[in-house]
Amino acid sequence: ARAQNRFVLALSAAKLAATVPLVLGGLAVRGPFGAFAGWIAADALARAAMLARTAALFGVPLRAVLPLRAVGRVGTATFCAMPAAWIVLRATPGPLVARLAAASLAFAAAYLGLSWARGWLPAGWIGLFRDRAEPRPAAAQSEP
């Protein structure tokens with residue numbers, strides 16, 4: 001957004017102008033799920049405009065701005081983790097909040113597990129887990 005204040009303001013106004021009819025139209029057609037879909041559509045349009053603007057500013061094609069390989073990895077990990085969350089959501093008894101919490105943990109475990117197994121996690125993330133697993137040496141005591 002650096003030095004792009006006018007563009008960001010115009011985009012925000014356009015997003016608001018698109019969100020209202022898309023949400024209301026979706027609500028009329030499909031209820032709350034339609035309203036949610038309308039909001040997602042407006043947000044996707046705004047993000048596409050931001051990507052196009054970024055590509056134009058850098059003078060590169062759109063595919064150079066969007067990390068397709070990383071997006072594919074995220075999509076694959078999400079697609080593979082969804083069944084675990086769905087199974088846990090359906091199999092867990094109790095209140096909905098507890099079931100959602102359990103499903104969220106199952107999703108996170110499956111997503112991170114697959115990402116770790118495939119080597120898709122950034123090196124910094126792996127270092128976080130490795131540092132916690134290895135005991136730290138005792139600090140040297142200084143004499144007074």
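Along the sequence shown, residues are numbered consecutively beginning with 1. All values reported here derive from a predicted model rather than from experimental measurement. Below, each value reflects all heavy atoms present in this structure, side chains not excepted, and no hydrogens, waters or symmetry copies.
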Taking a hydrophobic cluster as the set of Ile, Leu, Val, Met, Phe, Trp and Tyr residues connected by side-chain heavy atoms closer than 4.5 Å, whether directly or through intermediates, do Val23 and Leu45 fall within one such cluster? no
For the hydrophobic clusters of this structure (ILVMFWY residues joined by side-chain heavy atoms under 4.5 Å, transitively), does one cluster hold both Val71 and Leu121? no
Exercise: identify the closest heavy-atom pair between Val65 and Thr54: CG1-CG2, 3.6 Å
Tightest non-hydrogen contact, residues Ala103 and Leu89, listed as CB-CB, 3.9 Å
Note: with side-chain heavy atoms under 4.5 Å as the link, the other cluster members for Leu24 come out as Leu16, Val20
Could you point out which residue of Thr78, Val88, Leu112 forms a side-chain contact (heavy atoms from CB on, under 4.5 Å) with Phe107? Thr78
Let me check something: do Val29 and Phe33 share a hydrophobic cluster, defined by ILVMFWY side-chain heavy atoms less than 4.5 Å apart, either directly or through other members? no
Going by the ring-ring contact (aromatic ring centres under 6.0 Å, His included) test, which pairs reach into residues 43-87, not counting sequence neighbours? none
Qualifying residues under side-chain contact (heavy atoms from CB on, under 4.5 Å), relative to Leu96, sequence neighbours excluded: Arg99, Leu100
Do Gln4 and Leu57 have side-chain heavy atoms sitting under 4.5 Å apart? yes
Spatial distance of atom CG (Leu68) from atom CG (Leu62) [nearest 0.5 Å]: 8.5 Å
Check the pair Trp120, Val74 against side chain to side chain contact (heavy atoms under 4.5 Å, CB included), reporting the backbone distance first and the verdict last. CA-CA 9 Å; Trp120 295 344; Val74 168; over 6 Å; no
